[in-house]
Chemist: 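Sharing a structure, written as structure tokens. Questions coming.
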Amino acid sequence: MTAPTKACQDLARQLSDANAAVFARLGLEPKHAAVRRSDRPDLGEFQCNGALAAAKQIGRKPQEIAADAAAAWDATDLADAPTIAGPGFLNFVTTARALSARAQAIADDPRAGASAVETPRRVLVDYGGPNVAKPMHVGHLRASIIGESLKRIFRFRGDRVWGDAHFGDWGFQMGLLIVALEDELGGLGDPAKVAARLKSLTLEDLEAMYPAAAAKARDDAAFRDRARKATAGLQSGEEPHRTIWRAMHDVSMAALKREFSALGVDFDLWNGESDADPLIPDMVADLKARGLIEEDQGAQVLRVAREGDKRALPPLLVVSSEGTAMYGTTDLATILQREREIDPDLYLYIVDQRQGDHFEQVFRAAELAGYAKREQLEHIGFGTMNGPDGKPFKTRAGGVLKLNDLIEMAREKARARLREAEIGADFSAEEFEDVAHKVAIAALKFADLMNFRGTSYVFDLDRFMSFEGKTGPYLLYAAVRIKSILRKAGEAGVAAAPIVIAAAEERGLALALDGFDAALAQAYDKRAPHFLAEHAFALAQAFSAFYGNCPILQETDAGAQGSRLALAQATLKQLEITLDLLGIAAPERM
RNA sequence: GCGCCCAUAGCUCAACCGGAUAGAGCAUCCGCCUUCUAAGCGGACGGUUGCAGGUUCGAGUCCUGCUGGGCGCGCCA
């Protein structure tokens, strides 16, 4: 019954449990007792709206039910008896004792107050989606940032998680590159000549070859046809197709690993579409034998339309009229491969929401084929990153902006702002660069993750890097200020003491710390990191208010000083965990 | 043509299962550095939630229609 023993749970949960006991005694359904953070901080810290729903159900007046519940409240260690407002809302204010205990529990918890899932699942997160020969551009930014964050969120909640880059190294694009090379060399007949060219092949070569070949294929039917045949040749293991593919694959892969590393994005699996290729012949034969595939216009298709669909979903193209595997085929085979090698309970595909139909086709096909259940497969779609004109982001010249260039732009802006603020004058060149990089990445990532993933947002580097308001740099600044205090406290020999919440800003900070678990759960349930981004900002704001009004080093009361130091430590720990879940790292100073 | 998504403060975005007076940041204005990093803090201003109906004790949220925008619709991925 006393708060301290339950302090491992967040306050909303503690209040809900206590209120559920009250509701049960009154003969009301406990589910109506749920308490959550208040929308009206002027009336209370927490609220329960259940009296209204309960009233509807049993035909009593909501105010009466609320009054009964308030009168029956007995968890006075946790909160005072709730006040009643409006049509029957219950408003709670927690006791300083319960709040102190909760803050202490967070301070003592390596997970900073975050709970874990009861039953861990095996989760595969498919994100990033880089391609051979195509430089990563701003379109890859969202997939990488959101996917990386979701991977970390699921892992932190206790699931067993694999992040897979699902490298786009198969299909028609490879055929295009092969015929482009053929034309460049005037034929592929001379193995020595081919080998020599492949040895000198650079990423820049590939990045020039691909768009040229893709453009040519658009209005040159003969070229397109050769590329399709080359694709078929590659997929049936011909030479020199295979050798050429391997060289192009390796050059691209090495470059991509560098780029992802700069972004702070890391994968457990670097599997490519090509890795699922060996499964395709047997898979197609199996689908055929079970009568799931039929011939249509020279191609082999798997029909996935269902009765009751508002619109007839086109069939999944399993084998093209040229005999090649299409990307749906590869995606299906990849599910088969992952079932065998990983056996995930849940698949998350972090891909642009415009591909929704494609994934619906693949997921239905997987279910029809019995490879996976439909509910295990989720397409986590996201919106586009737009330019100032509201259309998908383009450079001033109208082309796509390379990810590398984007990051360098952000870094340059960060350097300028650091110099402007006269920060880092005493840093080594190395540390200065490290800080500029961290600031740049934090700005880019937070600007992306603060919005719900489904909405498109306008890219505005000046705004992201403004260092003011709701930005990545603001969060880093908050973390760095705490680190600075902790360093000085350490030098001064100030030690942490039991947390005692007294001042309004301490109360606000403790409540912010308490909100972490709910934010994490929402981010997890909705597959939406912006709930955590929101929490990080709220926490940093609460700390800033505390920072301005509750000095630590100057505090003369040892108990209050130790308590505040412990609060600062807990805040830093939780802020760094939250930032890490967003894929953001804070420097030691800035 | 069919289907999906979106429309919230001047701008960029939030709003948990339908709950109270719709919240932040930016911009504008007013305060606060003799104090742990002012890249900060406090305050003010700012709204017919695209339009019209409907369901409900209660609608930004659910339903219908309309307007405006984005996107998708078999051999690219």
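As the structure is a computational prediction, the values presented were derived from the model and not from experiment. All values below were derived from every heavy atom in this structure, side-chain atoms included, with hydrogens, water molecules and symmetry-related copies excluded. We name chains A, B, ... by the order of the sequence lines, and we start the count at 1 in each one.
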Chemist: Between A:Tyr474 and A:Phe537, is the ring centroid distance below 6.0 Å?
Modeler: yes
Chemist: Do A:Tyr127 and A:His166 have ring centroids that are under 6.0 Å from one another?
Modeler: no
Chemist: Which nucleotide in the set B:G42, B:C73, B:G74 lies at the smallest distance from any side-chain heavy atom of A:Asp296?
Modeler: B:G74
Chemist: Quickly work out the A:Asp357 CG to B:G72 P distance and round it to whole Å.
Modeler: 10 Å
Chemist: Tell me whether A:Arg364 is salt-bridged to A:Glu360, with the criterion being a basic N under 4.0 Å from an acidic carboxylate O.
Modeler: yes
Chemist: Looking at B:C13, B:U37, B:C41, which one has an atom nearest to any side-chain atom of A:Tyr457?
Modeler: B:C13
Chemist: Checking only heavy atoms, does the side chain of A:Asp309 share a donor-acceptor pair with the base of B:C2 at less than 3.5 Å?
Modeler: no
Chemist: Please confirm whether any donor atom in the side chain of A:Tyr327 sits under 3.5 Å from an acceptor in the base of B:A77, or the reverse.
Modeler: yes
Chemist: May I ask you to evaluate whether A:His530 reaches the phosphate of B:A15, defined as a side-chain N or O under 4.0 Å from OP1 or OP2?
Modeler: yes
Chemist: Nearest to the side chain of A:Arg311, heavy atoms from C-beta on, is which of B:G72, B:U37, B:A77?
Modeler: B:G72
Chemist: Looking at A:Glu412 and A:Arg415, does any basic side-chain N land under 4.0 Å from a carboxylate oxygen?
Modeler: yes
Chemist: Name the residue closer to the 5' end of RNA chain B, choosing between A:Met450 and A:Ser321 according to the nucleotide with the nearest heavy atom.
Modeler: A:Met450
Chemist: Using a cut-off of 4.0 Å on non-hydrogen atoms, how would the nucleic acid contact of A:Gly168 be classed: base, sugar-phosphate, or nothing?
Modeler: nothing
Chemist: Main chain of A:Asp517, side chain of A:Asp10: is a donor-acceptor contact present, judged purely on distance under 3.5 Å?
Modeler: no
Chemist: At under 4.0 Å between heavy atoms, what does A:Cys550 touch on the DNA or RNA strands: base, sugar-phosphate, or nothing?
Modeler: base
Chemist: On RNA chain B, nearest-nucleotide positions of A:Arg487 versus A:Lys134: which is more 5'?
Modeler: A:Arg487
Chemist: Nearest to the side chain of A:Arg228 - B:C76, B:A39, B:C16?
Modeler: B:C76
Chemist: Partner of B:C71 by Watson-Crick or G-U wobble geometry, both contacts under 3.5 Å, or none?
Modeler: B:G3
Chemist: Would the base of B:A20 count as contacting A:Gln47 through its side chain, where contact means a donor and an acceptor less than 3.5 Å apart?
Modeler: yes
Chemist: Determine the contact category for A:Asp460: base if any of its heavy atoms lies under 4.0 Å from a base atom, sugar-phosphate if only primed atoms, P, OP1 or OP2 are that close, otherwise nothing.
Modeler: nothing
Chemist: Between A:Arg564 and A:Asp557 (salt bridge meaning N to carboxylate O under 4.0 Å), is one present in this structure?
Modeler: no
Chemist: Taking the minimum atom-to-atom distance to the side chain of A:Glu468, which one of B:A77, B:G3, B:A27 wins?
Modeler: B:A27
Chemist: By nearest atom, which of the nucleotides B:G74, B:A20, B:U12 is closest to the A:Ala85 side chain?
Modeler: B:A20
Chemist: Please report the C-alpha distance between A:His379 and A:Tyr349 in whole Å, then the side-chain angles of each, then the deciding distance to 0.1 Å, and finally whether the ring pair (Phe, Tyr, Trp, His ring centres under 6.0 Å) criterion is met.
Modeler: CA-CA 5 Å; A:His379 171 213; A:Tyr349 291 84; 7.8 Å; no
Chemist: Could you please name the option among B:A20, B:C26, B:A14 that lies closest to any side-chain atom of A:Phe89?
Modeler: B:A20
Chemist: Is there a donor and acceptor pair, one atom on the side chain of A:Arg40 and one on the base of B:U21, closer than 3.5 Å?
Modeler: yes
Chemist: If only side-chain N and O atoms of A:Tyr210 are considered, is one of them under 4.0 Å from the OP1 or OP2 phosphate oxygen of B:A77?
Modeler: no
Chemist: So, does A:Lys470 get its side chain near the phosphate of B:G23, meaning an N or O under 4.0 Å from OP1 or OP2?
Modeler: no
Chemist: Please determine, for B:C26, whether a Watson-Crick or G-U wobble partner exists with both distances under 3.5 Å, and give it or none.
Modeler: B:G10
Chemist: Using only modelled atom types and a 3.5 angstrom limit, is any donor from either the side chain of A:Asn91 or the base of B:A20 paired with an acceptor on the other?
Modeler: yes
Chemist: Using 4.0 Å as the upper bound for N to carboxylate O, is an ion pair formed by A:Glu468 and A:Arg417?
Modeler: no
Chemist: May I have the distance from A:Arg417 (atom CZ) to B:U37 (atom C1'), rounded to whole angstrom?
Modeler: 16 Å
Chemist: For B:C62, what is the paired nucleotide under Watson-Crick or G-U wobble rules, both distances under 3.5 Å?
Modeler: B:G54
Chemist: Name the nucleic acid region contacted by A:Asp39, choosing base, sugar-phosphate or nothing; use a 4.0 angstrom heavy-atom cut-off, strictly under.
Modeler: base
Chemist: Tell me what A:Gln297 touches on the nucleic acid: a base, only sugar-phosphate, or nothing, going by heavy atoms under 4.0 Å.
Modeler: base
Chemist: Just to be sure I understand the rule, does A:Gln173 reach a base, reach only the sugar-phosphate, or reach nothing, if contact means heavy atoms closer than 4.0 Å?
Modeler: nothing
Chemist: Between B:C75, B:G74, B:C16, spot the one nearest the side chain of A:Ser320, thanks.
Modeler: B:C75
Chemist: Give the rounded distance in Å between these two atoms: CG of A:Asp352 and C1' of B:C5.
Modeler: 12 Å
Chemist: At less than 4.0 Å, is any side-chain N or O atom of A:Ser484 found next to OP1 or OP2 of B:U37? Yes or no.
Modeler: yes
Chemist: Determine: side-chain N/O of A:Ser456 to OP1/OP2 of B:C13, distance under 4.0 Å, yes or no.
Modeler: no
Chemist: When you measure from the side-chain N and O atoms of A:Lys56 to the phosphate of B:U56, is any distance below 4.0 Å, counting only OP1 and OP2?
Modeler: no
Chemist: Taking 4.0 Å as the cut-off, does a side-chain nitrogen or oxygen of A:Gln541 come that near to OP1 or OP2 on B:G25?
Modeler: yes
Chemist: Choose from B:A39, B:C13, B:G74 the nucleotide whose nearest atom is closest to any side-chain atom of A:Ile423.
Modeler: B:A39
